[in-house]
Amino acid sequence: MTMTKEDIKYTGIKVENVAKGKADWYLFNKLCKSCYLCVAKCPVKCLHPIEEPNKDNSELGLFETPVVKPDLEKCIGCGTCQMTCPDCAIKVQRK
Amino acid sequence: MTMTKEDIKYTGIKVENVAKGKADWYLFNKLCKSCYLCVAKCPVKCLHPIEEPNKDNSELGLFETPVVKPDLEKCIGCGTCQMTCPDCAIKVQRK
Amino acid sequence: MVKKLITQDTRMFLTGNEVIAYAANAAEAEFMYGYPITPQNEIMHTWCKLLPKTEAGFLQTEDEISAGFSTLGGILAGKRAFTATAGPGNVIMQDAQSMAEMMRLPFVCAVMQRGGPSTATVIYAQQETRLTCFGGNGEGFRIVYSTAGHQDLYDYMIKAFNTAWKYRFPTYMLADGYQGKMREPVTLYDPASRGISMVPTEAFLRAEGKIGVDRDATHLRNTFNLEEELMEHLDVYKEEYERISPEIEEYFEYKAEDAEVLVIAHGIVARSAVTAIDELRAKGIKAGLFRPITIRPLPVNPMRAAVKRAKQVLFTESANGQLAQMCLEKLYGLTTPYSTLFKMGVGVTGDDIVSKVEAMVKEPATV
Amino acid sequence: MVKKLITQDTRMFLTGNEVIAYAANAAEAEFMYGYPITPQNEIMHTWCKLLPKTEAGFLQTEDEISAGFSTLGGILAGKRAFTATAGPGNVIMQDAQSMAEMMRLPFVCAVMQRGGPSTATVIYAQQETRLTCFGGNGEGFRIVYSTAGHQDLYDYMIKAFNTAWKYRFPTYMLADGYQGKMREPVTLYDPASRGISMVPTEAFLRAEGKIGVDRDATHLRNTFNLEEELMEHLDVYKEEYERISPEIEEYFEYKAEDAEVLVIAHGIVARSAVTAIDELRAKGIKAGLFRPITIRPLPVNPMRAAVKRAKQVLFTESANGQLAQMCLEKLYGLTTPYSTLFKMGVGVTGDDIVSKVEAMVKEPATV
Amino acid sequence: MARIKIALAGEGGHGVQSVAKILVEAGYEAGKQVLYIPNFGVEQRGGVSIAFCQIADEKIGEPRYSKADIVIMVSDRAIDRCSTYVDENTTVIYDSSVCTKKPEVKAKRIIPVNANEIANTNPELGARVFNIIILGVILEATKVLDVEDIKSAMEHALGKKFEAKPELRTKNHKALEVGMNLLKEAAV
Amino acid sequence: MARIKIALAGEGGHGVQSVAKILVEAGYEAGKQVLYIPNFGVEQRGGVSIAFCQIADEKIGEPRYSKADIVIMVSDRAIDRCSTYVDENTTVIYDSSVCTKKPEVKAKRIIPVNANEIANTNPELGARVFNIIILGVILEATKVLDVEDIKSAMEHALGKKFEAKPELRTKNHKALEVGMNLLKEAAV
Amino acid sequence: MANVLEVKPDLAQAQCAEVGASKFCPGCGHGTILKTLAQVIDELNLNERAVFGCDIGCSLLSWNYMNIDTVQTHHGRTTPVIYGVTRANPGTVGIAYMGDGGGLAIGSQHLVNASVRGENMLILLANNTNYGMTGGQMSPTTMPGQVTETTPYGRDCSITGKPAKGAEMIAAIADPEKSYVARSTMGNVRGLKKVLKAALENVANGGFSFVEVLSVCPNNWRTNNIKTLERLKEMEEFFEVKEFITPAKKEEV
Amino acid sequence: MANVLEVKPDLAQAQCAEVGASKFCPGCGHGTILKTLAQVIDELNLNERAVFGCDIGCSLLSWNYMNIDTVQTHHGRTTPVIYGVTRANPGTVGIAYMGDGGGLAIGSQHLVNASVRGENMLILLANNTNYGMTGGQMSPTTMPGQVTETTPYGRDCSITGKPAKGAEMIAAIADPEKSYVARSTMGNVRGLKKVLKAALENVANGGFSFVEVLSVCPNNWRTNNIKTLERLKEMEEFFEVKEFITPAKKEEV
Ligand SMILES: Cc1ncc(C[n+]2csc(CCOP(=O)(O)OP(=O)(O)O)c2C)c(N)n1
Ligand SMILES: Cc1ncc(C[n+]2csc(CCOP(=O)(O)OP(=O)(O)O)c2C)c(N)n1
Ligand code: SF4
Ligand code: SF4
Ligand code: SF4
Ligand code: SF4
């Protein structure tokens with residue numbers, strides 16, 4: 001039987017209350033390949049590769065390269081990064 | 001060596017002085033396959049399969065079927081039959 | 001469901017290509033994909049002419065590559081689909097056949113051999129024997145019936161579908177231009193009347209059930225990232241192929257029991273051999289025939305036994321020893337001397353064989 | 001005229017694919033037609049990178065069918081043209097190869113075998129051995145050199161052009177993914193420095209002279225109306241093929257003179273056999289190698305002699321006995337027992353052979 | 001009769017295959033074993049057309065034979081192409097009113113007939129039934145089939161045309177008869 | 001040394017093949033017999049990348065071997081993939097700062113090194129030279145090549161980059177040294 | 001920052017969970033195209049009717065990406081396999097997924113003939129202007145001047161001809177009465193989704209659809225994120241992004 | 001009426017004397033097309049530069065028809081053989097002669113890619129709306145309702161799609177700067193000659209030309225002379241006879 005989406009535990013980053021609290025921003029680090037297309041596409045340029053990723057395995061991507069994280073203040077929660085990510089590594093959840 | 005066109009002897013039919021003497025009409029019978037496209041295309045409908053071809057081997061075509069011949073009186077020597085013939089069996093020679 | 005045309009034994013006077021179309025219908029084949037090539041065209045023509053009655057399907061594709069691959073599509077969809085080809089068409093269809101081999105798809109194809117290589121002639125040959133058994137970039141995990149006349153065409157075309165669906169190896173009915181174009185009497189029958197029931201087909205794609213609820217999504221592939229993954233699959237295929245071979249092997253012997261000169265031939269050349277053997281026996285020469293019907297897999301044990309018994313062997317083919325190569329591999333270790341009568345792309349007649357065997361008797365071959 | 005890059009002996013550390021591109025240039029090849037496929041891509045890449053220096057030509061075609069046929073076009077135009085392919089590409093290129101066979105065109109192709117059947121793997125195998133020797137709807141009137149390393153790649157790629165143009169049979173350099181992708185040292189040289197002069201090419205179309213004056217128009221064909229016309233041609237080809245075979249056959253023996261266990265292997269597997277034989281000899285087991293370099297035509301006489309001398313034979317291949325089938329046909333009549341070590345699509349290592357031979361010595365095979 | 005092997009050859013337009021089809025059809029209907037291979041090549045038209053027929057009492061082995069019992073040649077090119085099927089046991093029949101030469105073969109017998117001439121000159125016949133005259137010749141030469149079998153096979157093949165033009169039937173029957181007589185006379 | 005067989009395996013991004021290339025290039029320049037097969041599959045990225053290297057004094061026979069003399073594993077998946085090349089004569093080296101597990105194999109020796117950690121923590125180095133540290137480890141483990149050979153091969157491969165940024169050269173040489181020492185220490 | 005997140009990624013039902021981490025290279029356009037396709041399949045509720053075929057090319061890496069019935073075929077042969085399926089089992093929504101090489105070079109006879117015949121299927125072609133899987137050779141769509149392994153000095157159109165325009169060609173030969181033909185780009189995911197929806201709706205209604213998507217191959221292009229998107233922009237200028245034939249236009253006629 | 005005539009037939013130099021009696025069936029269009037081609041070759045004096053390739057199809061019967069260097073190829077493969085020649089030996093005027101099956105079905109990948117690349121050659125396609133050589137099956141260009149061996153009840157376009165239009169397709173993909181694309185008909189020999197002349201001139205100047213000629217197949221159509229010409233007229237109405245791209249138009253641009 002297929003492992004359903006529910007069975008899988010995803011690790012990663014959560015940035016709460018972006019866009020003035022209107023949304024939460026998630027990154028599933030084992031889906032991220034560090035292509036940084038999201039970084040290039042972010043309309044407010046608030047997304048960046050993590051410079052010094054910690055080693056708790058939530059800031060290194062599939063190929064053990066640094067994942068990305070938005071600037072809490074600047075992120076407008078528009079979802080462009082989610083739409084851009086070829087690997088479904090980002091989710092912007094409106095509240 | 002290729003047999004040149006000059007080496008080959010062609011047999012067939014000659015109708016002299018068609019188009020009021022302006023042309024001679026020739027049919028090379030061993031090239032004619034009796035498709036009768038020339039018959040259908042003749043603008044003055046003067047071309048016909050020979051009804052009772054003689055057996056001297058000039059009125060039977062490649063497949064031993066009757067070749068065609070124009071009506072001396074009606075033929076205007078326009079050359080349509082020559083142009084039409086897929087097998088180069090007709091020559092209309094203007095004088 | 002297709003409508004079956006033959007419901008009771010019917011003797012008819014048909015061309016071989018017509019017989020094959022009828023046989024496919026009798027086998028409840030539902031779809032033919034094909035591209036014209038002489039001498040198989042009339043299989044398609046007959047199939048098309050019968051469509052209003054059979055309610056089956058047909059697609060004329062843009063080439064044999066597409067004919068092969070769309071046949072695979074039909075099979076994947078769960079239909080009893082088939083195709084037919086010959087010569088250069090058989091060559092370029094090998095790509096699809098290789099995919100069938102790798103994915104264990106029940107591909108069925110009637111091959112009507114013509115002269116080769118290249119476009120060559122549209123007429124007749126046995127020069128696609130090796131190609132049909134082993135073509136493509138694989139190991140020939142295929143099943144090939146070589147037929148010798150119209151009754152065979154009917155019987156084995158029906159059987160090919162069942163073999164393919166039961167064992168999941170590509171299965172061929174290998175015939176030739178003579179058989180396709182010639183006319184002879186044949187008895188058509190409903191397979192059920194002979195106790196033959198058709199192995200049910202199966203939808204490899206869009207099977208019953210809701211994905212993720214009743215079943216997983218199906219993911220079929222033919223490519224592996226590692227050499228070792230590939231070998232694992234092929235080892236299983238090989239093991240299965242060898243295991244089922246004894247069930248599949250078929251052969252025909254004619255006066256082979258006491259034969260001093262054993263003729264080994266397949267397909268329609270074996271028929272000429274029968275004519276020759278009768279003549280030779282009449283002349284007091286003890287000739288006999290061993291005809292493998294499955295030329296892939298070969299009926300190795302009976303063939304070895306027959307060769308061992310004989311004083312001399314004659315391989316004869318309308319090819320340059322394509323069957324002989326396959327046989328000699330399996331006959332290694334024996335020492336019965338052999339001769340050959342190979343006529344590339346041309347029919348072998350009874351007279352040809354008679355003269356050859358007479359010469360062999362006069363001057364026996366040595367190993 | 002193309003510019004030759006290698007004018008004096010040059011030792012280099014290259015991938016096999018690079019070596020082949022250099023060899024083609026050394027052989028004064030003027031045009032490459034090709035379609036990408038792993039593991040032969042770097043032949044094309046290297047060829048393209050060198051174009052400004054070599055002033056040769058290149059065309060990337062729409063598929064291998066066109067690569068094969070346009071290569072024939074280049075050859076017809078009188079150019080030393082060639083192509084390279086692998087796996088499924090080799091399968092669909094058989095159509096063009098069959099035309100070359102029929103029309104006796106000096107077709108040259110480097111085949112870099114990968115796993116099969118189907119797309120399978122992009123890596124390595126010896127599963128195109130039969131396909132390369134006998135593919136298509138013909139009789140395999142082809143010449144196939146099987147190489148075992150970079151020096152071979154260079155030597156035989158050059159030789160392939162001369163063989164093809166001298167004898168007018170399609171000629172292949174059969175290698176594999178390992179050889180294509182691996183790096184090892186190799187000495188490149190100008191063929192002239194080894195006394196090798198390139199057989200001049202010839203324009204089959206648009207030859208010198210005015211049509212109808214100096215010469216006839218050339219009319220090349222591959223299709224015949226009658227079976228008998230076809231056979232007449234093929235009989236001539238066969239006769240010529242058999243006549244020239246002794247000139248072409250090449251083989252390599254390693255400690256085969258006194259070998260009790262004779263390993264028969266071709267290509268790079270034969271290299272593993274050398275490693276194994278050294279180990280086995282060190283262990284006191286008299287093993288030896290017979291490696292056919294031309295696997296088509298096979299060096300039959302020396303092979304029979306070697307097998308006759310041995311107590312046991314081991315066929316080993318990265319395939320399921322494709323070479324073995326070809327050899328056993330030619331070994332018929334002998335009774336030396338044989339065993340097999342076949343690994344489909346996977347490399348055979350020295351250790352594999354050592355274990356197998358040790359087991360054979362412990363429990364000898366019987367026929 | 002164990003088995004009789006017939007080769008019939010003419011030009012593309014001569015209706016050789018139609019005649020052969022009627023012949024084997026008649027054999028089949030008469031309960032004989034029959035086998036018929038039309039000659040086919042790449043050329044749709046223009047080549048020599050040959051029909052290889054066999055009629056037998058028992059199951060037929062070889063589909064093609066080296067030598068025929070009867071070879072019928074109705075054109076010069078047919079003579080060239082078909083001499084290979086002739087040996088000293090073969091009866092050769094050729095149409096001397098079409099062919100400009102005589103078959104130069106060693107045969108049991110070589111019989112000229114002038115079917116074409118007759119077709120063209122006999123007012124009851126006509127060029128179209130030339131091939132049926134040949135069929136009559138074959139019928140008489142082989143003697144393995146009944147004229148009624150042939151007539152019923154003709155009905156099968158040409159029935160529709162006969163319905164439309166009943167005089168065609170008469171003409172064809174006449175042609176058959178003429179053909180049979182032709183051989184009888186020639187054979188004397 | 002008759003022949004030394006080295007298998008080096010890591011993730012796609014680890015630069016395993018670049019290191020292997022420098023290694024064999026150095027061997028070649030040093031006049032050794034060398035043979036190098038990069039592992040390649042259908043996937044351009046994402047799979048385990050393995051480099052099969054051999055360095056020998058005499059002509060090398062088999063291109064691929066069953067068991068290696070030295071196996072270097074720099075990721076968990078590399079451990080899984082490459083255990084098959086290990087037997088009781090093999091020296092296994094793995095990066096304990098990348099792998100979360102220890103190779104469970106029967107080997108001559110199993111040596112953990114923490115190259116990745118060092119690369120990331122030593123301010124003179126950096127993540128980029130991780131693979132060069134590994135190269136140092138191999139150099140020390142095999143002992144068939146001179147450090148100068150390696151340096152000249154590095155110059156060959158990275159010369160252009162070194163020209164542009166001379167500090168890179170220093171960094172890489174340092175990494176090499178660190179790698180060599182790493183093994184010396186671990187081997188104690 | 002909790003390590004295990006309480007939400008799941010937005011994977012469509014038609015997309016497999018296990019391969020959320022697909023086998024494509026970082027930044028590869030195949031991922032974007034396929035996730036969008038999966039969303040559209042969900043939205044149109046075609047999960048049970050759909051059959052997905054993938055070509056050989058990097059598209060083969062999607063052999064277990066979609067959570068719908070899938071068959072991997074041969075290079076260039078996805079089109080005939082899929083019309084083989086839909087001919088035999090009408091009602092199936094057949095999707096043939098391929099690269100520009102598989103579609104416009106080696107499989108072009110199938111592409112052309114399926115379009116002319118109006119086979120009931122979607123041909124979805126990811127145009128990344130090179131042969132990705134084999135390491136970046138020229139493809140029919142390689143841009144003028146583009147460096148590839150077989151045009152190491154840049155594509156010289158005076159030798160190779162100009163880039164092929166797939167959508168324009170299909171628009172010229174497809175039956176306007178039953179076809180949907182468009183070129184979209186992964187640079188505009190919203191637009192891509194609209195196009196895929198229209199295309200699949202047309203197939204579900206018995207029609208033929210062809211969609212070319214401008215895609216990226218950072219691996220073989222050797223581009224970083226910025227350069228990748230710049231090249232994509234160049235492509236969007238060179239290859240017109242538009243609907244060439246739509247069911248709507250059909251009604252207008 | 002003398003038996004031996006004092007004149008010779010008007011055979012072009014580029015046409016062989018011995019095969020004046022060609023192997024084509026009575027009334028076959030291949031004869032008309034080839035004799036016209038031969039005349040044009042003479043007029044342009046290309047006899048030494050030309051290389052003629054014929055496909056498998058009834059076109060193969062022309063393997064010794066032309067008195068210029070000729071190679072018979074495989075079904076669908078004349079295009080790659082000929083561009084193989086012209087690539088290797090520039091200056092050659094390559095002519096690939098084929099039927100509608102060889103061109104638009106089995107050889108369509110070559111047709112399309114050669115057109116896009118602008119190979120320096122003439123592709124000359126005789127469209128007789130069926131597969132002549134194999135006994136008259138449906139081809140891509142078979143007319144709606146036409147009875148063939150594989151459409152014994154008439155071509156049903158709802159199943160097979162509509163007839164393919166070769167010249168229109170090539171016109172859509174060929175480079176207008178170097179291409180000549182036209183459809184002509186053997187029903188107008190004078191027009192055909194003009195078209196062939198323009199086409200060959202363009203090739204001689206380094207361009208790519210495609211000419212489709214509406215042709216007839218009385219043998220498989222089972223038509224007599226009148227019916228044959230009537231069907232040709234129908235074809236001329238269905239398939240537009242015109243120059244699609246001309247060097248002249250190019251200059252206008
Ligand atoms: C018959 C055949 N020829 C060649 C190949 C090798 N091959 C595999 S993928 C590929 C190119 C893929 O390019 P494209 O279709 O553009 O897809 P991409 O990888 O760029 O997504 C080639 C040539 C093959 N597998 N089969
Ligand atoms: C690979 C291959 N497939 C099929 C054939 C059989 N074949 C020969 S000619 C032909 C059709 C020819 O039709 P077309 O190209 O339209 O030319 P025409 O005969 O009508 O002039 C076919 C299918 C072949 N020779 N080779
Ligand atoms: S989140 Fe997605 S788009 Fe952003 S870097 Fe990671 S894989 Fe790329
Ligand atoms: S002259 Fe030519 S066109 Fe007229 S019937 Fe004879 S072959 Fe046909
Ligand atoms: S090579 Fe290119 S197309 Fe292939 S997966 Fe990588 S980025 Fe995508
Ligand atoms: S079959 Fe048709 S196309 Fe072929 S030669 Fe005869 S008339 Fe011409």
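Just so it is clear, the model here is predicted, and its values are computed rather than measured.
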Looking at E168(H), E119(H), M169(H), which has the largest count of heavy-atom pairs under 4.5 Å with chain G? M169(H)

Within residues 100-111 of chain G, contacts to chain H at heavy-atom distances under 4.5 Å involve L104(G), A105(G), S108(G), Q109(G)

How far apart are the closest heavy atoms of V116(H) and K162(G), and which atoms are they? CG1-O, 3.5 Å

So, for P140(H) and N113(G), which heavy atoms are closest and what is the spacing to 0.1 Å? CG-OD1, 4.2 Å

Portion of K165(G) that has a non-hydrogen atom of chain H nearer than 4.5 angstrom: neither

